[in-house]
Amino acid sequence: MSTVAIQHIKSDGHQVILGRHCLGEFAELLSTEAFSGAKLFILVDENTAKYCLPALISKVSILSDAEVLEIGVGEESKSIEISTQLWSVLSELNADRGSVLINLGGGVITDLGGFVAGTYKRGIRFFNIPTTLLAQVDASVGGKVGINHDGLKNEIGLFNNPNTVFIDPDFLSTLPRKHLLSGFSEMIKHGLICDKDYWVKLKEVSFFELESLDESILTSIKIKNEIVSSDPFESGRRKILNFGHTIGHAVESYSFESDTKEVLHGEAVAMGMVCESFISHRMGMLREDELQEITAFIFSHYTRIFIDQLVFHRLIELMNHDKKNRDGEIKMSLIQGIGNAVIDKAVKADVIIDSLNFYARWVN
Ligand SMILES: NC(=O)c1ccc[n+]([C@@H]2O[C@H](COP(=O)([O-])OP(=O)(O)OC[C@H]3O[C@@H](n4cnc5c(N)ncnc54)[C@H](O)[C@@H]3O)[C@@H](O)[C@H]2O)c1
């Protein structure tokens, strides 16, 4: 499969535009009356400053005059300290309510930039130009923005949609393989929660020919967009997107507080999907052969994450802070067969421990 033609996908009050030449439309939009005289700011991290900013400016020449705000790489930047620094810089550079922030980067940049834009002077306009696979198929779409707090993922944040999301898969050519795989994990999730045919197609994906990914990127964006548009504030159905994330977020949070190697978001979600598939099976919703199929596929792509059994209780403590919980119970989004998710399933701590032991058996 080759590249797809430019796609315009309507979202909740804004558009997601996908295609290898879509930034030409961004250039046209910025030259319209609505943006005349607006101060333009581009948020980047060290890598996107190097690998993505030159390409963006060459395609959208008006941005050569924009102020570039550069932050350090990685999850630690999704913090109140960096947010404060960005608010201060915007203020020093006289950003006003008409100013525009352009988030050029992965999920860290789109989460943080959307949060800073949504809170500075009670909100300024912003665009997302995601440059990682994870941000293209997931983080940049759906309006959830925020920062980590007290070691907990996305603890502070808001729902805040960008003006437009421009997704240009060309940016992925410089992305390291482990980050491609991290994003792929959210694509696997999309298949598992609501599209069995897509799950089957994903098994044929090759990372050696990046252009062959374009159609899958489009499918994932459509799936995510359809779900978030049907439930923008996550009061019900949108929770299916959290499959793999109750355990995944706990593993990610644990990796921040311990000396273990940093676990990428998608790697943690891949582990979470194995454990939560086990739980789905244990609760009678997923057949044994389906559990084996999911587990084998995930382990064929992802390195096992080693977590000592002595810290399982700490993971449960972290899960007790999950935003989906109600009435003191850990609530999970699980799957009832491949391609069909269910929400708000109360899961007991001992079943979660069993799922972590199931995962650990594959590691050893
Ligand atoms: N808001 C949401 O709905 C949502 C959904 C899923 C994940 N997230 C969040 O997204 C974050 C993870 O996003 P991520 O995986 O994109 O991480 P990231 O933003 O840290 O990017 C990963 C790495 O790739 C580098 N990079 C980015 N683009 C590049 C390019 N084109 N070439 C070379 N290097 C490049 C970055 O500098 C970084 O080192 C997490 O904080 C997670 O919580 C948010």
Side-chain angles (χ1 to χ4, degrees), residues 11-12 16 43-56 70-79 82 103-115 118 126 128-149 152-162 165 167-190 210 220-221 223-225 227-228 231-234 238-245 248-253 255-256 262-270 272 323:
S11 193
D12 188 27
V16 179
L43 181 63
V44 290
D45 68 20
E46 289 157 29
N47 288 327
T48 59
K50 183 169 162 192
Y51 297 113
C52 309
L53 188 57
L56 175 66
E70 182 176 323
I71 60 167
V73 162
E75 194 65 30
E76 305 86 75
S77 289
K78 255 176 72 172
S79 67
I82 299 291
N103 298 322
L104 180 69
V108 166
I109 290 285
T110 56
D111 276 13
L112 173 73
F115 175 70
F126 73 104
N128 281 342
I129 306 185
T131 62
T132 63
L133 184 57
L134 189 136
Q136 297 197 341
V137 299
D138 194 356
S140 68
V141 177
K144 277 188 183 178
V145 296
I147 54 173
N148 304 324
H149 178 64
L152 296 171
K153 285 277 301 173
N154 307 324
E155 189 71 349
I156 307 292
L158 48 142
F159 288 95
N160 186 24
N161 275 314
V165 184
I167 299 180
D168 181 347
D170 267 348
F171 283 120
L172 302 181
S173 62
T174 54
L175 191 68
R177 187 183 161 86
K178 66 176 184 162
H179 289 292
L180 277 173
L181 275 173
S182 179
F184 189 57
S185 155
E186 298 285 5
M187 298 165 82
I188 294 174
K189 179 193 77 182
H190 291 147
L210 276 184
S220 265
I221 294 167
I223 289 174
K224 169 124 195 213
N225 186 55
I227 295 168
V228 299
D231 178 21
F233 299 109
E234 200 173 87
R238 182 174 177 159
K239 292 183 201 169
I240 64 175
L241 289 166
N242 292 315
F243 174 61
H245 283 63
H249 273 163
V251 168
E252 219 182 336
S253 296
S255 89
F256 303 150
E262 187 197 353
V263 178
L264 297 180
H265 179 77
E267 293 170 340
V269 169
K323 292 185 275 304

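Indexing begins at 1, ligand by ligand and atom by atom, following the structure's order.
Aromatic ring orientation, F159 versus F233: perpendicular (interplanar angle above 60°, classes split at 30° and 60°).
Within the 4.5 Å cutoff, the side chain of K144 has heavy atoms near those of the E234 side chain. T48 places none of its side-chain heavy atoms less than 4.5 Å from the side chain of F171.
Using a 3.5 Å distance cut-off with no hydrogens or angles, the side chains of E186 and H245 do pair a donor with an acceptor.
Atoms NZ and OG1, from K50 and T174 in turn, are 10.0 Å apart once rounded to the nearest 0.5 Å.
Residues passing the ring-ring contact (aromatic ring centres under 6.0 Å, His included) test with F256: none are found, sequence neighbours excluded.
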For ligand 1, output the ligand-protein N/O contacts shorter than 3.5 angstrom; if there are none, return none.
{"unit_1": "ligand 1", "atom_1": "1 (N)", "unit_2": "D111", "atom_2": "OD1", "d": "2.9"}
{"unit_1": "ligand 1", "atom_1": "1 (N)", "unit_2": "K144", "atom_2": "O", "d": "2.9"}
{"unit_1": "ligand 1", "atom_1": "3 (O)", "unit_2": "K224", "atom_2": "NZ", "d": "3.3"}
{"unit_1": "ligand 1", "atom_1": "13 (O)", "unit_2": "G107", "atom_2": "N", "d": "3.1"}
{"unit_1": "ligand 1", "atom_1": "16 (O)", "unit_2": "G107", "atom_2": "N", "d": "2.8"}
{"unit_1": "ligand 1", "atom_1": "16 (O)", "unit_2": "T132", "atom_2": "OG1", "d": "2.6"}
{"unit_1": "ligand 1", "atom_1": "19 (O)", "unit_2": "G107", "atom_2": "N", "d": "3.2"}
{"unit_1": "ligand 1", "atom_1": "19 (O)", "unit_2": "V108", "atom_2": "N", "d": "3.0"}
{"unit_1": "ligand 1", "atom_1": "28 (N)", "unit_2": "T131", "atom_2": "O", "d": "3.4"}
{"unit_1": "ligand 1", "atom_1": "28 (N)", "unit_2": "T131", "atom_2": "OG1", "d": "2.7"}
{"unit_1": "ligand 1", "atom_1": "31 (N)", "unit_2": "T131", "atom_2": "O", "d": "3.1"}
{"unit_1": "ligand 1", "atom_1": "31 (N)", "unit_2": "F171", "atom_2": "O", "d": "2.9"}
{"unit_1": "ligand 1", "atom_1": "31 (N)", "unit_2": "T174", "atom_2": "OG1", "d": "3.4"}
{"unit_1": "ligand 1", "atom_1": "32 (N)", "unit_2": "T174", "atom_2": "O", "d": "3.4"}
{"unit_1": "ligand 1", "atom_1": "32 (N)", "unit_2": "T174", "atom_2": "OG1", "d": "2.7"}
{"unit_1": "ligand 1", "atom_1": "37 (O)", "unit_2": "D45", "atom_2": "OD1", "d": "3.1"}
{"unit_1": "ligand 1", "atom_1": "37 (O)", "unit_2": "D45", "atom_2": "OD2", "d": "2.7"}
{"unit_1": "ligand 1", "atom_1": "37 (O)", "unit_2": "N47", "atom_2": "ND2", "d": "3.0"}
{"unit_1": "ligand 1", "atom_1": "39 (O)", "unit_2": "N47", "atom_2": "ND2", "d": "3.2"}
{"unit_1": "ligand 1", "atom_1": "41 (O)", "unit_2": "E75", "atom_2": "OE1", "d": "2.7"}
{"unit_1": "ligand 1", "atom_1": "41 (O)", "unit_2": "E75", "atom_2": "OE2", "d": "3.1"}
{"unit_1": "ligand 1", "atom_1": "41 (O)", "unit_2": "K78", "atom_2": "NZ", "d": "2.8"}
{"unit_1": "ligand 1", "atom_1": "41 (O)", "unit_2": "K153", "atom_2": "NZ", "d": "3.2"}
{"unit_1": "ligand 1", "atom_1": "43 (O)", "unit_2": "K78", "atom_2": "NZ", "d": "3.1"}
{"unit_1": "ligand 1", "atom_1": "43 (O)", "unit_2": "K153", "atom_2": "NZ", "d": "2.6"}

